[in-house]
Amino acid sequence: MRILLAEDDIMLGEALQEALIAQGFAVDWLKDGESALAAATTEDFDLLVLDLGLPRRDGMDVLTQLRQRGKEVPVLILTARDTPPDRIAGLDAGADDYMLKPFDLGELGARIRALLRRRAGRARPEIRHGELRVDPAAQRVFLREQEINLPRREYMLLKELLDHVGEVLTRDKLEASLYGWMEEVESNALEVHVHHLRKKLYPELIRTMRGVGYLIPRLED
Ligand code: CA
């Protein structure tokens with residue numbers, strides 16, 4: 001899961017980035033509205049966390065432009081503008097949720113999970129796939145009710161594939177959902193993560209589509 005964070009306050013941005021990474025997201029952080037709009041227009045993000053008071057282009061304008069360009073990425077507004085007309089304007093401009101500063105980082109994570117869950121077409125918080133169960137809030141994975149400990153990136157990869165069961169995800173898409181822009185990716189990192197997941201869970205869970213990417217096939221009825 002890849003999140004674009006648009007926030008010009010350095011201290012808050014750092015805290016947010018750190019908290020979201022710890023909650024299992026890949027986070028790209030931009031500090032002005034113009035570059036956030038450009039990035040959200042040209043790249044695929046699963047969610048945009050958008051401050052309203054941004055330099056170079058106001059957050060409301062970023063949101064309006066994105067929707068005009070037909071971008072459907074879920075947007076969660078973070079702002080200190082707290083009058084009801086502000087909130088109404090934000091939601092009516094196409095935001096999916098709205099949090100007032102100061103806010104609780106745990107609550108922010110929960111709201112993000114709710115938005116992503118809906119986007120993936122799920123209402124249930126847990127993900128089940130055969131004998132596999134994932135609890136995204138706790139970032140825990142169980143196979144036949146035995147907990148399997150996965151390092152952060154393996155967890156992120158599994159979650160990404162499970163959010164798109166039956167769909168082939170390209171290497172580029174998977175790498176983007178596991179690593180932020182600033183993070184170095186070893187060329188065989190993805191293969192290594194897939195190898196570990198197959199070993200720790202079960203081999204036929206993840207299918208390789210040569211030259212394209214990977215998928216978790218739908219379960220047979
Ligand atoms: Ca700001």
Side-chain angles (χ1 to χ4, degrees), residues 1-120 136-137 139 152 156 159-160 163 173 175-185:
M1 285 288 158
R2 186 178 182 209
I3 293 179
L4 176 62
L5 168 65
E7 170 63 68
D8 63 323
D9 182 306
I10 301 296
M11 289 227 323
L12 180 58
E14 278 174 359
L16 278 166
Q17 189 176 37
E18 198 178 308
L20 293 175
I21 287 174
Q23 294 187 37
F25 303 107
V27 183
D28 292 317
W29 174 21
L30 292 171
K31 301 172 188 72
D32 72 88
E34 197 63 46
S35 19
L37 177 61
T41 303
T42 53
E43 297 194 43
D44 268 345
F45 290 95
D46 295 295
L47 186 117
L48 167 59
V49 175
L50 180 65
D51 175 30
L52 289 188
L54 288 172
R56 291 180 72 212
R57 193 186 272 273
D58 187 77
M60 274 299 285
D61 192 39
V62 172
L63 176 60
T64 309
Q65 285 293 324
L66 272 179
R67 294 308 186 223
Q68 273 176 13
R69 293 173 190 185
K71 287 285 167 184
E72 291 182 351
V73 58
V75 174
L76 188 154
I77 291 179
L78 287 182
T79 184
R81 297 178 198 169
D82 66 347
T83 69
D86 285 321
R87 277 176 276 176
I88 292 166
L91 292 167
D92 278 344
D96 299 275
D97 202 356
Y98 201 101
M99 281 191 83
L100 288 180
K101 295 176 181 176
F103 53 86
D104 180 81
L105 287 169
E107 183 182 351
L108 175 69
R111 286 182 185 236
I112 288 175
R113 283 191 294 278
L115 290 173
L116 294 174
R117 183 159 79 219
R118 280 295 175 187
R119 198 187 185 216
Q139 296 178 60
R152 195 167 75 86
M156 290 166 83
K159 172 80 170 42
E160 193 71 25
D163 280 335
K173 157 106 179 129
E175 281 179 2
S177 68
L178 262 61
Y179 299 90
W181 287 323
M182 307 308 285
E183 295 175 288
E184 191 90 30
V185 191

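Note that this is a predicted model, so its numbers are computed, not measured. Just so you know, ligand 1 is whichever comes first in the structure, and atom 1 is the first atom listed for that ligand. Below, each value reflects all heavy atoms present in this structure, side chains not excepted, and no hydrogens, waters or symmetry copies.
Residue pairs meeting the salt bridge (Lys or Arg N to Asp or Glu O under 4.0 Å) criterion with at least one member in residues 4-22, sequence neighbours excluded, are Glu7-Lys101.
One of the N, O or S atoms belonging to Asp51 lies under 3.0 Å away from the Ca ion (ligand 1). The Ca ion (ligand 1) has an N, O or S atom of Asp8 inside 3.0 Å of it. Within the coordination shell of the Ca ion (ligand 1), defined by N, O or S atoms under 3.0 Å, Gly53 is present.
Between the CZ atom of Arg56 and the NZ atom of Lys31 there is a distance of 12.5 Å, given to the nearest 0.5 Å. In this structure, CG in Leu108 is found 5.5 Å from CG in Leu20, a value given to the nearest 0.5 Å.
If you check the side chains of Arg113 and Gln23, you find a donor sitting under 3.5 Å from an acceptor.
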